[in-house]
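As structure tokens, the structure follows; a few thoughts come after it.
All values derive from a computational prediction rather than experimental measurement. Order of the sequence lines fixes the chain letters, A, B, ..., with proteins taken first and strands second; residue numbering starts at 1 for each chain.
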Amino acid sequence: MSAVVTGRVVRIRRGLLSVRVDGRALTVGLGVAVALVVVMGITLTTGEYELSVTDVLKAIAGQGEGGADFVVNTLRLPRLLTALLVGAALAVSGAILQSLTGNSLGSPDVIGFNNGAATGALLVIIVTGGSMVQVATGALIGGIVSAVLIYLLAFTRGVQGFRFVLIGIGINALALSVNSYLITRASLYDALTAQSWLVGSVNSRGWEHVTAAALAVAVLLPLALYHARPLAMLELGDASAKALGVGVERSKAVLIVVSVLLAAIATAAAGPIWFVALAAPQLARRLTRSPAPGLVTSALVGALLLTAGDLLIQRVFPTAQLPVGTATGCLGGLYLIWLLASEWRGKGRYT
Amino acid sequence: MTRLHAEGLTLAYDQATVATDLGVSIPDGSFTVIVGPNACGKSTLLKALARMLKPKSGGVYLDGNLISSYRSREVARRLGLLPQTSIAPSGITVGDLVARGRYPHQKLLRQWSAEDEAVVTESMRLTGVLELAPRLVDELSGGQRQRVWLAMVLAQQTSILLLDEPTTFLDIAHQVEVLDLCADLHEHKGHTLVAVLHDLNQACRYATHLIVMRPGGEIAAQGDPSEVVTAELVGDVFGLPCRVIDDPETGTPLIVPVHRKRRSEDDGPVAVHEHATL
Ligand SMILES: Nc1ncnc2c1ncn2[C@@H]1O[C@H](COP(=O)(O)OP(=O)(O)OP(=O)(O)O)[C@@H](O)[C@H]1O
Ligand SMILES: [Mg+2]
């Protein structure tokens with residue numbers, strides 16, 4: 001315990017290594033991780049085809065019988081893992097961007113990264129018909145292009161957070177109208193494909209989606225974590241951060257690129273999913289009461305939100321095959337109203 | 001050449017030029033005070049000296065090299081800046097905020113050494129905020145907050161300190177306390193201090209080197225306060241007629257503004273600036 005700073009200080013090897021551990025963040029992180037494991041367990045064992053935990057474990061280890069093997073390894077596990085990874089990627093993307101812009105609305109789903117990615121994907125679906133890989137590539141390019149556009153439009157002597165968010169909201173509206181226009185120009189078949197893609201869903205996702213999302217998270221999350229301390233310092237303002245020795249331009253550039261890529265890859269894998277990037281970091285912050293953006297807790301909360309959301313719609317509407325995007329869209333709308341209302345009253349403001 | 005100096009600086013925000021061809025040299029181990037009217041470019045100069053603002057031309061040199069050629073962290077170990085205004089992340093405690101001053105000395109896996117702890121505690125003790133450690137910064141008074149920011153800059157442990165109006169928001173006792181602390185750092189630790197102050201009498205009392213700036217970002221005069229500060233200079237730079245007498249306590253110059261009823265009369269030692277306004 002330290003006399004002046006919060007958290008627990010752990011020093012080993014005669015102080016050569018020393019880390020500060022925020023006890024509350026650790027507890028919250030563990031709690032959310034346990035909840036996540038429970039949700040995963042329920043997702044894999046219940047449903048039309050009930051399985052025991054041993055059946056599931058056997059199937060995962062590759063020793064399951066035909067039925068169990070198919071249900072677990074082809075139907076449930078890829079869908080579950082996609083939801084988990086997409087949720088984590090979106091949450092980290094949102095946490096970084098909200099922290100950089102100093103604004104709770106500075107999230108990739110609000111400022112047009114996700115819808116920009118959707119525009120890219122739609123173009124591919126309509127112009128080329130498009131395989132899964134092509135559509136995902138289109139989404140990736142669309143997300144990056146919209147981010148670059150926002151950046152260029154917002155740039156006046158460096159980028160100011162609020163301006164970035166406002167212009168992002170404009171780009172989001174633009175992307176949405178372009179998306180609607182594209183659908184009206186498409187053939188009926190393409191329009192249906194596009195429409196179903198546009199809702200954002202993890203239904204019938206296969207291992208190729210899991211691999212892509214896992215690779216992205218495996219590369220980008222450590223990069224984000226490596227820059228987590230500069231990110232926390234940047235919340236003091238660019239000038240103070242720089243005065244304290246943060247390589248402001250470089251850290252910001254790396255963090256923005258990581259955030260855009262995470263959002264774009266998540267969108268490529270599951271379509272534009274609302275709410276997770278917006279809410280998960282805020283929930284994590286409120287749970288941990290931490291003044292720093294907790295990327296790991298955000299990732300866990302994001303993963304939990306999306307897997308739990310997907311489990312819910314699978315079990316509540318077992319026959320409807322609803323996409324998880326409808327659920328998060330609903331929740332996201334309500335959350336946004338609450339957020340704007342509380343921001344209006346000057347409460348719950350993000351600074 | 002001194003450790004920190006600048007040559008031929010042109011400072012500007014977008015189109016608005018604040019200063020042209022400005023040269024300053026901060027004497028090593030001095031307590032330099034910069035004074036000048038509002039908006040004359042004091043903060044801008046300080047920002048340029050601390051590489052917060054890139055000069056349009058000219059250069060700032062730290063220990064013989066262009067300041068822009070150093071890595072950010074390297075500069076932050078030698079030179080600390082207290083900006084005129086700062087923002088604290090909401091929900092942060094005083095101790096955690098001051099601890100952020102240790103950033104340039106920390107590594108990914110060395111986040112809180114025993115030395116960090118000792119330095120932060122000492123900085124908070126010197127600025128009188130140690131008891132506030134567990135409190136939230138959001139809930140402090142303006143003066144308490146100002147001292148917390150000062151503690152953060154001290155925790156950075158740099159031998160050159162640039163302080164932009166370190167005494168704003170402080171009551172007179174705390175103002176003197178902060179200035180005494182600066183004087184101690186300069187006298188006993190050999191630190192070089194540069195502070196922007198608005199109180200000319202305090203400036204004259206504490207400065208070993210005074211820089212007087214005039215609107216347009218020019219240096220009107222610099223040197224030992226006793227030699228530099230005259231009624232003519234203050235009248236010229238601030239447009240305020242005044243008398244300069246000896247500070248009864250220290251013998252340094254004491255500036256006494258002329259009574260408003262006498263400002264129109266022209267008598268004796270009073271310098272009246274031609275553009276003097278009320
Ligand atoms: N970020 C900025 N963008 C544009 N102009 C600025 C900016 N900061 C300062 N200025 C302008 O530059 C000029 C010098 O400002 P500066 O802050 O250096 O003054 P100052 O001498 O510190 O004044 P004060 O005593 O009021 O703190 C002013 O005219 C001001 O309006
Ligand atoms: Mg100023």
Residue B:V120 versus chain A: region with a heavy atom under 4.5 Å: side chain
Applying a strict 4.5 Å limit to non-hydrogen atoms, the region of B:L97 in contact with chain A is side chain
Provide the closest heavy-atom pair for A:S18 versus B:S113 in the form atom of the first, atom of the second, distance. OG-N, 3.5 Å
Do you know the tightest heavy-atom contact between A:A243 and B:A76? O-CB, 3.4 Å
Interface residues of residues 124-153 of chain B facing chain A - heavy atom cut-off under 4.5 Å: B:M124, B:L130, B:A133, B:W149, B:M152
Counting distance only, does the side-chain N/O of A:R11 pair as donor-acceptor with the main-chain N or O of B:W112 below 3.5 Å? yes
List for me each residue that meets side chain to side chain donor-acceptor pair (under 3.5 Å) alongside B:Y103, sequence neighbours excluded, and say none if there are none. none
Structural part of A:A228 lying under 4.5 Å from a heavy atom of chain B: neither
Which atoms of A:V246 approach chain B - backbone, side chain, both or neither, heavy atom under 4.5 Å: both
Top contributor to chain A contacts, counting heavy-atom pairs under 4.5 Å, from B:Q106, B:R102, B:K47: B:Q106
Under 3.5 Å, sequence neighbours excluded: what are the donor-acceptor pairs made by side chains of residues 48-60 of chain B?
residue, atom, partner, partner atom, Å
B:R51, NH2, A:K242, O, 3.0
B:R51, NH2, B:S72, O, 3.1
B:S57, OG, B:T10, OG1, 2.9

Separation between CZ of B:R100 and CG of A:L236, rounded to the nearest 0.5 Å: 5.0 Å
Hey, what do you get for CG (A:L17) to CD (B:Q111), rounding to the nearest 0.5 Å? 10.0 Å
Side-chain heavy-atom pair A:V5, B:V98 within 4.5 angstrom cut-off: no
Residues 296-303 of chain A: residues contacting chain B (heavy atom under 4.5 Å, by number): none
Do NZ/NE/NH1/NH2 and the carboxylate oxygens of B:D116 and A:R20 come within less than 4.0 Å? no
